[in-house]
Amino acid sequence: MNWDPVDMTVLANEQVIDGKGWRSGAVVEQRDMEQWFFKITDYAQELLDGLDTLERWPEKVRLMQANWIGRSEGCRMRFEWAEPFGRVAVREDKDPDVAKARMQDARSVGDQMVMSYNLAKDLFPDGVEIYTTRPDTLFGASFIALSPDHPLTKRLAETSTELRNFRENCAKIGTSEEDIAKAPKLGFHTGLGVRHPFKSGETLPVWIANFVLMGYGTGAVFGQPAHDQRDYDFAAKYGLPIIPVIKPAEGELPDGEAYVGEGTLYNSDFLDGLSKTDAIDAAIAKIEEMGLGERTVQYRLRDWGVSRQRYWGCPIPVINCPEHGAVPVPDADLPVELPYDIEFDSPGNPLDRHPTWKHTSCPSCGADALRETDTLDTFNDSSWYFARFAGPNGSPVDKEEAAKWLPVDQYVGGVEHAVLHLLYARFFTKALRDCGLLDLPSGEPFAGLFTQGMVTHAVFTDEDGDYVVPADVIEDGNQLIRIDNKKLVTKGDIVKMSKSKKNVVDPNDIIETYGADVARWFVLSDSPPERDVEWSEDGVRGAWNFQKKVWRIVEATDVPDHSPMAADPEAKGDALALRRSAHKALAKITAGIEAFRFNTSVAQIYELTNALSKYSGQDAVRMEALGILIRSIAPFMPHLAEECWSNLGGDGLVALAPWPQHDPAMLVDDEIVMPVQVNGKRRGEIRVAKDVSKDDAERLALSEPSVAKFLDGQTVRKVIVVPGRIVNIVAG
RNA sequence: GCGGGCGUGGCGAAAUGGUAGACGCGACAGACUUAAAAUCUGUUAUCCGCAAGGAUGUGCCGGUUCGAUCCCGGCCGCCCGUACCA
């Protein structure tokens, strides 16, 4: 946990800036704290398998979740202790030669080393257990690395100031995955050694390395620098041997970096000549035979830490009894309510500081006991609200109603939720099902998912580094200043709108100026919804003008008494052209809406509107086209559509009117224009009947003057005719 | 660092193997108007050209194909996530 010693609070990774608390500016410490977890890892395989059933989810989200769960197949194995061969304290030496010299200098055996050796043997008599996906590279092993948080590391640190300092240095790096991965490699040589399982008499040194994560596998790895980049970087820095054991099928091993690809084993005794995959199997078989380990499946997914030291959150319903430990609050006493008389004016967890709230009695023995003062991560609430919405009365989830409504047919959310929220919600529904609280066999909460893009905006910061809402920023000459105190403002990155960065805009401004219909039309009209957009009000005039244009067309229409807005099959000339435009537009509008591509539907509505505004006839064709137009805009501009519908003599509410159906016969023109290419470049076009034969198209294309001049002096080698699309002449 | 995505005119974009830039914004010109707004008509990727026309062009490099914005490989840039922002 990130701990701010001044504010006495736990901080999110995001609230740690350059290793300091965002409010207090104090140097953040890493603390181990007792936390509540949900055992989501028990569902790792089911969460992974379930992804295949989510056919209406974007492929990218399924892929991200699969990567997040991170199933890998490999083996757990132990390296047995070897007699110690020395101890050296290697600090962060940039120069590999210096590090190497220290290694050779390491034969002197000191008291401290002997104690560490005995301690290690005492604590872990079987040796060091590691997890690897690459047992094929065991002959390339050159060291063992433990996590700074490995139990052995912690015990060794008790006897070594140097190691304690090393651990503190590692703790400064931060807790986020990104920080750890980007940090420069740091190592500490323990002086301990382990036996190589396949090379008798060989000893591998045991290091502590900051890039080894305690939360994954066993918190220990073997280093095989020739075939893993992190191991390579580490070995290069500390002068450890780099032993290649895989040769690529073609070419040489890369210089100065690890080779992680496929290839054939060498330098590897009984694995020589095998492929990577076969060598993995053979190595595991041998390890199992030797009794040193076994094939296992490992997941990257970690258990979900749900404890938060905040007031706002559902209290974790547990009472800590000195006698009985953590006792669940009895059902009859749920929910545990937060106190209302709470003070936020001093550091630390307000719930923990509250004078009376946490004091209660043990449900088991009645003795004085303390309430858990941690609250639940708010992701808990977003993980099952849809089940609550199905039946909002009575017990938390109404099984019958939830069974009727769930899964959610179409879920819409930002792609930033791709792993956390969407994975937690999937886990929650599965867990609720298994607890008998939800009747949902699949355990999948959302049948369809659409990930809309993020709305982004520049972040503004004033001279004091405080964030400023864009609406409060004005231009002053060629500078930006705050409207309230005239302080100078800097325009920063364009990022996802968020309350914390204050780079948000209020859509009410547009609604007040232009109305909700125009605001909605504007938002839907330009960008496809899955794409990120940088918010801008440029173009809102277009939406406003469009609204007026539709209204003018309706006003300019002589509405007949009986207005079925139905087709006139006899239409000819301009009328037929309008009919065709209307039906072509309708087909694309419908397809666009169904595919969530509202911007293309909008473009087609513009085309239809333009066609209608140029049409002077007051006839059935006009009424038919208007009927299509108004029903098409109804989902986008419902108020305008209702008014127009009513004025055109439409039946009831347009919102309740059936969606219009396009006539397929209207989509095809009698004559089409086919572009003609010569060697892939457009050189002309031919006007042909819609069902022209390939031969005729070829003949016409070759004789088209604008095409023929490019064929002058050349031999026509091939003519490709794609019916209804294009003619391409290959000449040379 | 790792995982995922995106990159096309002045701007939002369309075209997902077949005419690159539909539609909209902006800009420019004209009509109407005392004037402005609104409205209507037209032009608007870049370069050469009076024009006709031609050349170039979808982040960069390469590949597959009769044909690539689209498929494949490599690179660059930006965005999202990276487990305590929610």
Side-chain angles (χ1 to χ4, degrees), chain A residues 1-2 9-16 35 40 58-61 63-68 70 175-183 211 215 229-230 233 300-310 377-379 381-382 414-421 423-424 451 453-454 456 493-496 498-501 522 525-528 530-534 536-543 545-546 548-549 552 588 597 599-607 609-610 613-614 673-685 706 717-720 722 724-731:
Chain A
M1 298 293 108
N2 303 305
T9 181
V10 170
L11 296 177
N13 282 326
E14 168 175 288
Q15 293 165 334
V16 181
Q35 302 275 297
I40 191 172
E59 192 54 44
K60 63 175 175 182
V61 174
L63 189 57
M64 278 190 253
Q65 290 212 353
N67 288 335
W68 185 261
T175 59
S176 84
E177 199 189 350
E178 182 190 356
D179 290 341
I180 292 163
K182 275 188 174 169
F211 65 89
Q229 193 56 45
R230 287 170 308 179
D233 296 341
R300 202 187 77 101
L301 184 68
R302 306 204 298 260
D303 278 325
W304 175 10
V306 292
S307 285
R308 300 290 183 270
Q309 294 73 37
R310 302 205 174 146
D377 177 4
T378 52
F379 269 125
D381 309 286
S382 54
V415 72
E416 75 272 23
H417 293 300
V419 278
L420 295 182
H421 164 58
L423 193 67
Y424 289 146
T451 50
M454 258 146 313
T456 64
D493 292 342
I494 295 161
V495 296
K496 176 180 76 160
S498 77
K499 280 173 280 184
S500 59
K501 291 192 174 131
F522 167 60
S525 63
D526 275 347
S527 276
E530 74 275 11
R531 194 178 297 190
D532 289 353
V533 287
E534 186 188 346
S536 154
E537 287 174 24
D538 294 348
V540 70
R541 297 296 298 184
N545 291 341
F546 171 73
K548 289 189 293 186
K549 189 168 191 171
R552 273 198 309 277
K588 290 180 182 169
R597 301 175 51 187
N599 57 319
T600 61
S601 294
V602 164
Q604 291 303 318
I605 292 173
Y606 274 122
E607 299 233 26
T609 309
N610 290 341
S613 77
K614 291 189 177 91
V673 172
M674 285 176 83
V676 181
Q677 296 180 332
V678 178
N679 294 331
K681 288 192 177 181
R682 186 182 181 280
R683 297 301 183 187
E685 59 187 37
S706 58
R717 302 196 186 278
K718 197 171 170 188
V719 179
I720 291 131
V722 185
R725 300 305 294 250
I726 203 165
V727 181
N728 190 16
I729 299 161
V730 186

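When reading the values below, keep in mind they use all heavy atoms of this one structure, side chains included, and skip hydrogens, waters and symmetry mates. Per chain, numbering begins at 1; letters A, B, ... match sequence-line order.
Contact between the side-chain N/O atoms of A:Arg683 and the OP1/OP2 oxygens of B:A55 is found at a separation under 4.0 Å.
Against the 90° criterion about 0, the sugar-base torsion of B:G9 places it in the syn range.
Rounded to an integer number of Å, the gap from CG of A:Asp381 to C1' of B:A86 is 11 Å. For A:Ile726 and B:A68, the CD1 to P distance is 11 Å, given to the nearest whole Å. To the nearest angstrom, P of B:C23 lies 11 Å from NZ of A:Lys549.
Ring geometry, A:Phe379 versus A:Trp304: the interplanar angle exceeds 60°, so the pair is classed perpendicular (tilted spans 30 to 60°).
Taking only distance into account, the side chain of A:Asp526 meets the base of B:G12 through a donor-acceptor pair shorter than 3.5 Å. Residue-to-nucleotide contacts include no donor-acceptor pair under 3.5 Å from the side chain of A:Glu534 to the base of B:C11.
Taking atom P in both B:C75 and B:G67, the straight-line distance is 27 Å, to the nearest Å. Separation of the P atoms belonging to B:A86 and B:C6 is 29 Å when rounded to the nearest angstrom. Separation of the C1' atoms belonging to B:A20 and B:U46 is 14 Å when rounded to the nearest angstrom.
Nucleic acid contact for A:Gln604: none, since no nucleic acid atom lies under 4.0 Å from a heavy atom of the residue. Base engagement by A:Phe379 is indicated by at least one non-hydrogen atom pair under 4.0 Å involving a base atom. Contact annotation for A:Glu607: backbone-only contact, meaning every heavy-atom pair under 4.0 Å involves sugar-phosphate atoms and none involves a base.
Two residues are said to be in side-chain contact when any heavy atoms from C-beta on lie closer than 4.5 Å; A:Thr175 and A:Met1 fail this criterion.
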